2 protein chains.
Amino acid sequence: MAKGRATIADIARSAGVSLSTVSRVLSGRESVIPIGPETRARVLASAAALNYRPNQAARTLASGRSQAVAVLVHDISDPYFSEIVRGIEDVASANQYMVLVCSTDRDPVREREYLLRMGSFPTDGIILAAGGFEEEAGLDEVRSLIERGVVIVGVARHGLPIPTVRISNEEGAREMAEHLLQLGHRRIAFIAGPPGLTTANDRLAGYRQALREAGLSADGLVLAGDFTREAGQRVVPHLLRSTPRVTAVFAANDKMAIGCLAGLRAAGIVVPDEVSVVGFGDVPSAQDTEPPLTTVTIPLREIGRQVMREVLQQLGGQPPSAALSAPTTLTIRRSAAPPRSGKPG
Amino acid sequence: MAKGRATIADIARSAGVSLSTVSRVLSGRESVIPIGPETRARVLASAAALNYRPNQAARTLASGRSQAVAVLVHDISDPYFSEIVRGIEDVASANQYMVLVCSTDRDPVREREYLLRMGSFPTDGIILAAGGFEEEAGLDEVRSLIERGVVIVGVARHGLPIPTVRISNEEGAREMAEHLLQLGHRRIAFIAGPPGLTTANDRLAGYRQALREAGLSADGLVLAGDFTREAGQRVVPHLLRSTPRVTAVFAANDKMAIGCLAGLRAAGIVVPDEVSVVGFGDVPSAQDTEPPLTTVTIPLREIGRQVMREVLQQLGGQPPSAALSAPTTLTIRRSAAPPRSGKPG
DNA sequence: CGCTATACGGCAAGCGTTTGCGCAGAGTGG
DNA sequence: CCACTCTGCGCAAACGCTTGCCGTATAGCG
């Protein structure tokens with residue numbers, strides 16, 4: 001039933017020119033093969049009259065370009081990733097690109113599956129926005145995709161042979177830890193992220209380094225976590241039991257910090273008076289907790305824009321940029337304060 | 001440079017069968033034209049050996065099916081929408097569909113642009129997840145898309161000639177208002193959403209109805225808002241100036257409620273002791289505010305799943321479902337309480 | 001044994017574009 | 001006036017797959 005839409009053949013007929021001419025004026029390839037202004041006008045007029053819409057599938061097949069990029073994230077419903085995707089979409093849509101999202105739930109298997117499907121699906125580029133693991137699983141797929149001419153760019157995805165925008169997770173964590181140290185904290189716990197996830201590990205490394213440089217040991221202070229709110233809540237008893245009690249806790253991401261805040265409140269501990277809590281990421285809700293969360297902010301949207309720009313550039317034939325990077329910054333709110341003055345009594 | 005990938009022609013040659021046979025076993029059209037088990041095995045083996053990946057662009061061109069759906073949202077970085085998208089993706093990916101996102105920033109013009117681009121881009125379905133306006137702008141585009149055979153389904157998008165999953169915005173708002181009434185509140189302000197947005201208007205209508213049924217007037221109690229956190233914050237002074245002072249505030253969405261909470265705290269007003277605040281939506285961060293927000297929860301992810309299932313069904317040739325709907329529920333947390341007992345001493 | 005289904009598979013015509021190549025005619029410099 | 005270079009445009013071959021239409025065997029049936 002679907003009414004046949006107009007094709008360039010219809011336009012060619014109606015304008016009295018050849019298919020190639022129509023194609024050339026419609027797809028902007030005029031720069032290489034000039035078209036007379038009057039011819040072009042006729043074509044354009046016919047196209048408009050026929051309400052012509054190019055068939056992107058046909059274009060893709062013929063040209064090898066699909067005007068689409070795929071972005072792999074852990075979970076699109078996580079504000080961390082949806083913010084990156086928004087940045088990507090901003091520059092994509094400004095350049096007539098479409099973006100399709102793939103949530104992998106931090107599962108290497110699902111990631112590989114998506115990568116595999118990308119082998120069929122027409123995309124010009126793939127953005128690996130999902131954090132990677134120490135041991136990358138989809139290496140072969142990535143390689144074969146690259147071989148096919150797909151440009152792949154990652155964010156915080158070292159360990160893969162692709163250009164990557166670097167997030168200063170380690171530096172950011174170090175700064176935050178130093179901030180805590182400067183506030184006077186000496187017993188600072190760290191709630192770690194999912195094991196193996198480089199993003200999480202880098203933050204842990206930054207924390208460790210700061211402690212080491214301050215001549216402190218992190219022994220017994222790093223608690224297992226998995227980036228969920230529940231994890232942050234779950235560790236509260238451990239925190240309380242520690243002796244001497246920790247005076248500050250640094251969560252590897254905001255969600256855990258927020259969970260921790262909730263757990264602490266439930267336990268009747270007041271933040272930051274009795275214990276300071278800081279996070280990493282600066283998700284939107286970090287400013288609405290009580291107290292508002294001190295955290296390290298990552299310019300997520302800008303990262304998205306940057307990575308998409310990079311994709312576009314490479315698609316345009318330019319070589320991969322040497323150093324993409326996004327600096328994190330400390331944002332001090334009210335969940336961290338100096339520890340309660342010294343020793344009891 | 002891109003190494004040519006294997007095509008069905010290669011497989012046909014290697015397996016000693018015809019193109020059609022290969023196509024049939026690989027694309028599952030065997031049900032209609034049976035293929036011998038041994039032939040099929042040979043084909044499969046060759047495909048595997050050649051590391052074959054179907055070319056979806058070619059498939060789309062030849063078959064008219066693209067295995068992709070587009071979803072239009074106001075803003076993918078808004079948890080409300082990213083949650084819906086996640087639900088969509090869940091069932092899409094389980095059915096080998098890809099989903100591409102389009103953020104319109106609540107701008108009818110951008111929505112039309114995206115709709116227009118969908119005329120070129122190969123998608124089998126379009127989901128209008130972005131709330132609509134009283135006066136729909138993209139009607140022509142929608143119609144022409146439908147005519148081309150694209151299935152379009154909306155969420156809370158009445159006013160368009162498409163099946164839509166109904167969110168009980170009005171009922172939910174009425175319930176919430178009734179809850180406040182029951183708590184003893186009589187002066188309940190309402191922070192409205194963007195003018196013209198049906199989702200927002202429906203909630204306002206629900207609030208009004210509840211008040212009316214209680215014999216109360218809403219005059220002077222509905223404040224202009226736009227769904228942003230800032231809007232919620234901005235109205236605080238008005239709230240405080242009202243005489244007699246309102247004892248409860250109902251924001252048309254959570255973001256405004258949260259902003260309001262922040263504004264109230266800044267003004268030294270304690271919630272819910274001095275004034276109750278409730279929202280609508282139950283975004284994830286609603287549970288982490290202080291006090292945790294009483295709000296009406298919308299099963300966003302399930303809505304996403306439902307709408308995608310509907311798309312799939314229609315793609316399968318079934319008629320549009322008569323009544324898709326998603327019931328909202330009240331979730332009582334701690335931001336609403338009975339008003340301070342009666343009149344001042 | 002003849003006849004009709006049925007199982008299995010090939011042919012070839014598209015699907016709508018892009019693009020390398022070829023070819024006129026109009027300038028241009030010598 | 002010639003050899004050339006641009007312009008401006010058409011031809012037709014892909015791009016990789018699906019699918020309607022036709023054969024063949026083979027089996028089933030009376």
Side-chain angles (χ1 to χ4, degrees), chain A residues 2-44 46-47 50-67 119-122 124 148-149, chain B residues 2-44 46-47 50-67 119-122 124 148-149:
Chain A
K3 270 201 6 191
R5 56 221 276 189
T7 71
I8 55 171
D10 299 322
I11 300 180
R13 202 174 314 122
S14 141
V17 298
S18 76
L19 287 188
S20 2
T21 301
V22 175
S23 170
R24 287 196 262 258
V25 357
L26 259 26
S27 58
R29 303 291 298 149
E30 292 187 62
S31 36
V32 41
I33 303 265
I35 298 289
E38 167 218 334
T39 307
R40 123 189 282 281
R42 273 214 316 285
V43 170
L44 257 16
S46 297
L50 294 171
N51 189 29
Y52 171 75
R53 299 272 172 269
N55 179 323
Q56 183 61 45
R59 279 192 164 164
T60 301
L61 183 57
S63 71
R65 281 305 181 74
S66 63
Q67 300 294 107
S120 296
F121 215 86
D124 297 337
R148 277 145 151 72
Chain B
K3 269 199 9 189
R5 55 222 276 188
T7 72
I8 56 171
D10 299 322
I11 299 182
R13 202 173 313 122
S14 141
V17 297
S18 75
L19 288 188
S20 3
T21 301
V22 175
S23 170
R24 287 197 260 259
V25 356
L26 259 26
S27 59
R29 304 290 300 149
E30 292 187 64
S31 36
V32 40
I33 303 265
I35 298 290
E38 168 219 333
T39 307
R40 120 187 286 281
R42 274 216 314 286
V43 170
L44 257 17
S46 297
L50 294 171
N51 190 28
Y52 171 75
R53 300 273 172 265
N55 178 324
Q56 183 61 45
R59 279 193 165 165
T60 300
L61 183 57
S63 71
R65 281 307 180 73
S66 64
Q67 299 295 109
S120 296
F121 214 87
D124 297 337
R148 274 146 153 70

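Please read all numbers here as calculations on a predicted model, not as lab measurements. Throughout, a chain's letter reflects where its sequence line sits, starting with A, and its residues are numbered from 1.
T21(A) and S18(A) share a donor-acceptor pair across their side chains, judged by distance under 3.5 Å alone. Judged purely by distance below 3.5 Å, without hydrogens or angles, the side chains of N55(A) and R53(A) never pair a donor atom with an acceptor atom.
Atom CZ of R53(A) and atom P of dT17(C) are 12 Å apart (whole Å). Going from atom CG of L19(A) over to atom C1' of dT19(C) covers 12 Å, rounded to whole Å. Counting to the nearest Å, the P atom of dT19(C) and the CG atom of L26(A) are 14 Å from each other. Following rounding to the nearest Å, Q67(B) (CD) and dC17(D) (P) show an atom-to-atom distance of 15 Å. As rounded to whole Å, 15 Å separates atom C1' of dT17(C) from atom CZ of F121(B). Rounded to whole angstrom, the span from the CZ atom of R13(B) across to the P atom of dG16(D) amounts to 12 Å. Rounded to whole Å, the distance from CD1 on I33(A) to P on dT18(C) is 14 Å. As a whole-Å value, the separation of E38(B) CD from dG9(C) C1' is 13 Å.
Checking dT18(C), dG16(D), dT18(D) against every side-chain atom of T7(B), the shortest atom distance belongs to dG16(D). Side-chain proximity of L61(B) to dC17(D), dC15(C), dT18(C): nearest is dC15(C). Which of dT18(D), dA7(C), dG8(D) sits closest to the side chain of T39(A) comes down to dG8(D). In the set dG9(C), dG8(D), dC17(D), dG9(C) carries the atom at the smallest distance from any side-chain atom of T21(B). Which of dG10(C), dT17(C), dG9(C) sits closest to the side chain of I35(B) comes down to dG9(C).
In terms of polar N and O atoms assigned as donor or acceptor, the side chain of R24(A) comes within less than 3.5 Å of the base of dG10(D) in a complementary pairing.
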Checking T60(B) against S66(B) for the side chain to side chain donor-acceptor pair (under 3.5 Å) test, could you report, in this order, the C-alpha distance in whole Å, the side-chain angles of both residues, the deciding distance, and whether it holds? CA-CA 5 Å; T60(B) 300; S66(B) 64; 5.2 Å; no

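Using a 4.0 Å heavy-atom criterion, one finds that R65(A) contacts no nucleic acid atom at all. Looking at heavy-atom distances under 4.0 Å, S63(B) makes contact with sugar-phosphate atoms alone, never a base. Within 4.0 Å of T60(B), counting heavy atoms only, lies no atom of the nucleic acid at all.
Summarising the geometry, atom CD1 belonging to I11(A) is positioned 5.0 Å from atom CG belonging to L26(A); distances are rounded to the nearest 0.5 Å.
The phosphate of dC11(D) has neither OP1 nor OP2 within less than 4.0 Å of any side-chain N or O from S18(A). Dashed line: the shortest gap from a side-chain N or O of S20(B) to OP1 or OP2 of dG10(C) is not under 4.0 Å.
Toward the 5' end of DNA chain C, the nearer of the two residues V22(B) and N55(A), judged by each one's closest nucleotide, is V22(B).
In this structure the side chain of V17(A) reaches within 4.5 angstrom of the side chain of R42(A), judged on heavy atoms.
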